[in-house]
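Here the structure comes first, spelled out in structure tokens, and everything after it is commentary.
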2 protein chains.
Amino acid sequence: MTRADEAFDCLQTAIVKGELAPGEKIGEVELCARFNLTRGPLREALGRLESRGLLVRRPHAGVSVVSVSVAELLELYRIREVMEGLAARQAAERMTDEEISALQSTLDSHERLIEQAQGQAYYQAEGDYDFHHRIATGSRNTKLAQMLLGDLYYMVRMYRYRLSTSAGRPHMALGEHRRIVEAIAQRDGELAEFLMKRHINAARRNIEKKIEEGLLSF
Amino acid sequence: MTRADEAFDCLQTAIVKGELAPGEKIGEVELCARFNLTRGPLREALGRLESRGLLVRRPHAGVSVVSVSVAELLELYRIREVMEGLAARQAAERMTDEEISALQSTLDSHERLIEQAQGQAYYQAEGDYDFHHRIATGSRNTKLAQMLLGDLYYMVRMYRYRLSTSAGRPHMALGEHRRIVEAIAQRDGELAEFLMKRHINAARRNIEKKIEEGLLSF
DNA sequence: GTCAGATGGATTGTTGACAATATTGAATTA
DNA sequence: TAATTCAATATTGTCAACAATCCATCTGAC
């Protein structure tokens, strides 16, 4: 692992976890001091992060974490809907039997986690992330998995940390997950796509509802 | 425009146009000499390109242009199908009337270009690119446009240059384009999505057919 | 008092040299 | 003769200094 990779990981998690506030204009030397880096690798990491849309960089004017809106979060869910629908369909066609049973096992442990840590949003979010992660890789579509895992999920997690809006509908989400896995196990790609799209659509509408209720501030 | 940006553009077009062969392991100093750059900006550009999946970089082992297969090209078309379907739907909902008439105008000029330069694959491909470009931006979905314009289209164009497989069905494609624009003009997002998906699906099957006929070598 | 312009400071962009590591080739041994 | 190990070399990763550019503040005029 090279220094630039370390810098990339550190900065990415820092942005996702909200340790670097959105819109915050932050200098390179300050970042170097904070993460014990030198400017060379840092700049490489900054370039990569800019290319992924997590921060913007104006020439001679410094870098700033991308400032975001709920409207854009909803747009992300629209993208997720179609892309993860495709991922579910291809996963149903291509996952090995071992992968499918492993997926079912993770759902079981998610269920236990939900029962144990009632309302602990963090674990729910992690379980959700695990589920979608497995299906993305199971699609055997390299670019699709790359775009989902490398771009979209990081942005969604960033919003999650920032708004602390991990749905709050764990049981319902788990049930939807089970039905999707069922469709995959039956190798019914069309149904898996339909269910996945509906699942993400429900999550998006849940956020919209919270906005209408005034529970999400901006 | 900074040196790193120049390097990024130069390298990207060089990769897309095939001037840098796939799988070719190329040294940094050679790249510097070729594009009149120093290693600092070059490395930044390399990081960005790696993050976009156009080249791979193993530590202490050099960079090499991503080597690709037709199977992966077909996977790209699967992704395009769902993403551009979404783009068409949102474009139908959100494009301004001015944008729509501009889109119709571009189709007219494409038609003239096809008539004039019969079989000149290059212009057809450029026209096709223009069409999809306008719809992606017209979706008003920042991230969606970014993913399509910044990632997928460059990869597709790379394959196009490499295989010189610009469909060869210009009139049919133009007709499909017209029907899509018609749906957008009528603000029928659902129809626009359906037609766009079918359009890209047809393009993918056209490539598959050529493979079966042995016209595409690898 | 306010706006315009210029200057100083700070920050970014760039460069070249230095250190660390993988590859390649040759030499040795089984 | 083939495989393996070792060393030389070339290439990449890293660093610190230099140059270019922007931003803010200060000064001056209207």
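In what follows, chains carry the letters A, B, and so on, assigned in the order in which the sequence lines appear, proteins first and then strands, with residues in each chain numbered from 1. If you're wondering where the values come from, they're calculated on a predicted model, not measured in any experiment.
When rounded to the nearest whole Å, the span between CG of A:Leu55 and P of C:dT12 equals 13 Å. For B:Glu6 and C:dG13, the CD to P distance is 14 Å, given to the nearest whole Å. When rounded to the nearest whole Å, the span between CG of A:Leu46 and C1' of C:dT12 equals 11 Å. Computed from coordinates, the B:Met1 CE to D:dA20 P distance equals 20 Å when rounded to whole Å. Separating the CD atom of A:Glu44 from the C1' atom of D:dC15 is a distance of 13 Å, rounded to the nearest angstrom. Atom NE2 of A:His60 is separated from atom P of D:dC22 by 6 Å (rounded to the nearest Å). Put simply, CD on A:Glu28 is 17 Å from P on D:dA17, counting in whole angstrom units. Whole-Å rounding puts the A:Leu42 CG to C:dT11 P distance at 14 Å.
Relative to the side chain of B:Pro59, the nucleotides D:dC15, D:dT14, D:dG13 differ in distance, and D:dG13 lies closest. Among C:dG16, D:dT14, C:dT12, the nucleotide with an atom closest to any side-chain atom of A:Thr38 is D:dT14. Taking every side-chain heavy atom of B:Ala61 into account, C:dA22 is the closest of C:dA22, D:dT14, C:dG13. Among the nucleotides D:dC15, D:dC22, D:dG13, the one closest to the side chain of A:Pro41 is D:dC15.
Backbone-only contact: A:Gly62 has heavy atoms under 4.0 Å from sugar-phosphate atoms and none from a base.
Shown here for A:Ile184 and A:Ala192, the closest heavy-atom pair between the two residues is CG1-CB, 4.0 Å.
Panel note: side chain A:Arg48, backbone B:Arg48; no donor-acceptor pair is recorded below 3.5 Å. In terms of modelled atom types and a separation under 3.5 Å, the side chain of A:Glu72 and the main chain of A:Ser69 share a donor-acceptor contact.
Where B:Arg43 and A:Lys25 meet DNA chain D, the nucleotide closest to each residue was compared, and B:Arg43 sits on the side nearer the 5' end. Position along DNA chain D of the nearest nucleotide to B:Arg58 versus A:Arg39 favours B:Arg58 as the more 5'-ward residue.
Taking only side-chain nitrogens and oxygens, A:Thr2 comes nearer than 4.0 Å to OP1 or OP2 of D:dT14.
When each of B:His177, B:Glu84, B:Glu81, B:Arg80 is tested with B:His199 by the rule side chain to side chain donor-acceptor pair (under 3.5 Å), just one qualifies, namely B:His177.
Around atom OH of B:Tyr154, no more than 12 heavy atoms belonging to other residues, nucleotides or ligands sit under 6.0 Å away.
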